[in-house]
Amino acid sequence: MKKIFWGKIALIFVFSFTYSKSFSYDMFGQQTVVSSHTIQILPAFIGWMIILQGVNEMLSYSDRFVSLKKFVSGLVVYSLIVFILNMIINSEGQLLKSLSFIATFVIVYSDYLLYKGIIDTESKTGLYLRGDRLMMKFKISLAIAISTIISPILVFISPLLVFVYAAAVVVVTLVNEILILIDLYNAQKTFTEYLWTKDDVIVEIDM
């Protein structure tokens with residue numbers, strides 16, 4: 001479970017910069033970016049690969065982790081493709097935007113499987129791994145993801161509402177993700193101590 005936590009940390013620190021922009025000009029001399037290329041300093045696929053390693057270590061504790069492995073494997077491939085495409089084609093392309101939209105909901109469902117898997121692990125080990133707290137925060141993440149679908153409607157109501165909505169989403173998402181990381185840290189710490197104790201008991205029996 002420790003690798004799942006550190007993988008989540010890695011996903012937060014996905015840095016990137018844009019280079020090699022091409023511009024076009026309309027009849028009024030207005031400049032428009034027609035292509036740009038982005039390279040990630042800490043690619044997202046590295047974070048997903050770390051999470052995948054952590055999920056592999058948890059397969060015996062819940063069937064949810066077995067299902068999660070498939071989705072995380074897909075996200076590894078997806079993020080690797082995006083990493084490559086961002087360097088060789090227009091980073092603002094419609095293809096990447098469409099893939100990003102789909103990936104958002106895959107990530108949300110992956111979080112659901114993760115937290116349900118943690119709850120199953122609680123039942124199997126008798127540990128308290130904050131599964132209930134994580135599921136509560138998952139519902140907030142789900143509400144935010146769903147709200148992004150209907151958010152374009154706000155443009156027709158008031159531009160100010162768009163700004164307020166965007167600011168609220170940033171703040172709520174940031175706070176929610178920090179609280180999730182705190183719960184995951186405490187969960188992996190408890191689980192790691194459990195594994196150490198379990199290993200000590202096995203060693204004593206062998207002796």
Side-chain angles (χ1 to χ4, degrees), residues 1-16 40-83 103-145 171-207:
M1 191 177 292
K2 183 181 293 186
K3 290 179 181 177
I4 294 176
F5 168 74
W6 286 112
K8 287 279 189 179
I9 291 289
L11 289 176
I12 292 178
F13 295 99
V14 175
F15 298 107
S16 63
Q40 294 177 339
I41 306 302
L42 180 58
F45 72 83
I46 292 179
W48 288 116
M49 288 179 67
I50 296 173
I51 291 175
L52 181 59
Q53 292 176 355
V55 171
N56 283 331
E57 295 174 354
M58 300 296 296
L59 295 179
S60 62
Y61 291 92
S62 171
D63 289 338
R64 310 271 189 179
F65 290 119
V66 176
S67 299
L68 177 59
K69 179 181 178 179
K70 300 174 184 177
F71 285 95
V72 175
S73 297
L75 288 168
V76 170
V77 175
Y78 159 76
S79 55
L80 178 58
I81 291 174
V82 170
F83 173 72
T104 297
F105 288 92
V106 173
I107 291 171
V108 170
Y109 186 64
S110 296
D111 284 341
Y112 169 80
L113 291 174
L114 171 61
Y115 304 147
K116 279 294 187 179
I118 289 175
I119 291 175
D120 290 345
T121 303
E122 288 179 325
S123 300
K124 191 165 185 176
T125 62
L127 300 172
Y128 176 57
L129 302 174
R130 294 169 171 76
D132 56 338
R133 296 165 62 95
L134 288 167
M135 279 305 299
M136 179 182 68
K137 296 176 181 67
F138 164 77
K139 293 176 181 178
I140 296 175
S141 298
L142 179 61
I144 293 173
V171 173
V172 173
T173 299
L174 178 62
V175 172
N176 196 49
E177 288 299 318
I178 290 174
L179 293 176
I180 286 174
L181 287 175
I182 292 174
D183 284 335
L184 279 177
Y185 171 78
N186 289 319
Q188 65 85 23
K189 183 178 179 182
T190 300
F191 188 74
T192 300
E193 291 173 351
Y194 163 78
L195 292 179
W196 287 344
T197 303
K198 185 179 177 182
D199 290 341
D200 289 342
V201 172
I202 293 175
V203 171
E204 289 178 4
I205 294 176
D206 290 341
M207 292 176 63

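Note that the coordinates shown come from a computational prediction; the quantities given were computed from them, not determined experimentally.
- Rounded to the nearest 0.5 Å, atoms CG (N186) and OH (Y128) are 9.5 Å apart.
- For residues 104-114, the set of pairs meeting the salt bridge (charged side-chain N to carboxylate O under 4.0 Å, His left out) definition, not counting sequence neighbours, comprises K8-D111.
- Partners of E177 under the side-chain contact (heavy atoms from CB on, under 4.5 Å) rule, at least two apart in sequence or in another chain, are S141, T173, I180.
- Scanning all heavy atoms of the two residues, the minimum distance from F83 to P43 falls at CE1-CG, 3.7 Å.
- Residues satisfying the salt bridge (charged side-chain N to carboxylate O under 4.0 Å, His left out) criterion with K2, sequence neighbours excluded, are absent altogether.
- In this structure, CZ on F191 lies 16.0 Å from CZ on F5, to the nearest 0.5 angstrom.
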Using residues 63-73 as the side-chain source, report each donor-acceptor pair under 3.5 Å to any protein atom, sequence neighbours left out, with the distance given to one decimal.
residue	atom	partner	partner atom	Å
K69	NZ	N56	OD1	3.4
S73	OG	K69	O	2.7

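- Below 30°, between 30° and 60°, or above 60°: for Y109 and Y112 the angle between ring planes is below 30°, a parallel geometry.
- Within the model, atoms CG of D183 and CD1 of I118 stand 9.0 Å from one another, a figure rounded to the nearest 0.5 Å.
- At least one side-chain heavy atom of Y61 sits under 4.5 Å from a side-chain heavy atom of T125.
- Nearest heavy atom pair, residue G131 against residue I119, reads CA-CG1, 3.7 Å.
- Side-chain contact between I4 and M58 is present, with heavy atoms from C-beta onward closer than 4.5 Å.
- You'll find the side chain of I51 stays beyond 4.5 Å of the side chain of K3, heavy atoms only.
- With sequence neighbours excluded, no residue forms a side-chain contact (heavy atoms from CB on, under 4.5 Å) with A143.
- With values rounded to the nearest 0.5 angstrom, W48 atom CH2 is found 10.5 Å from Y78 atom OH.
- The 12-atom threshold is not exceeded at OH of Y185, counting heavy atoms of other residues, nucleotides or ligands nearer than 6.0 Å.
- Once rounded to the nearest 0.5 Å, the distance linking CG of L11 with CD1 of I46 reads 10.5 Å.
- Heavy atoms only, all atoms of each residue included: G47 and A10 are closest at CA-CB, 3.8 Å.
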Go through it in stages, so that I can follow the logic: the residues are I12 and L181, the test is side-chain contact (heavy atoms from CB on, under 4.5 Å), and I'd like the CA-CA distance, side-chain angles, deciding distance and then a yes or no.
CA-CA 10 Å; I12 292 178; L181 287 175; 3.0 Å; yes
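- Among residues two or more places apart in sequence or in another chain, the side-chain contact (heavy atoms from CB on, under 4.5 Å) test is passed with T190 by L127, L129, R130.
- Here the straight-line distance linking atom CG of L75 with atom CG of L52 works out to 10.0 Å at 0.5 Å rounding.
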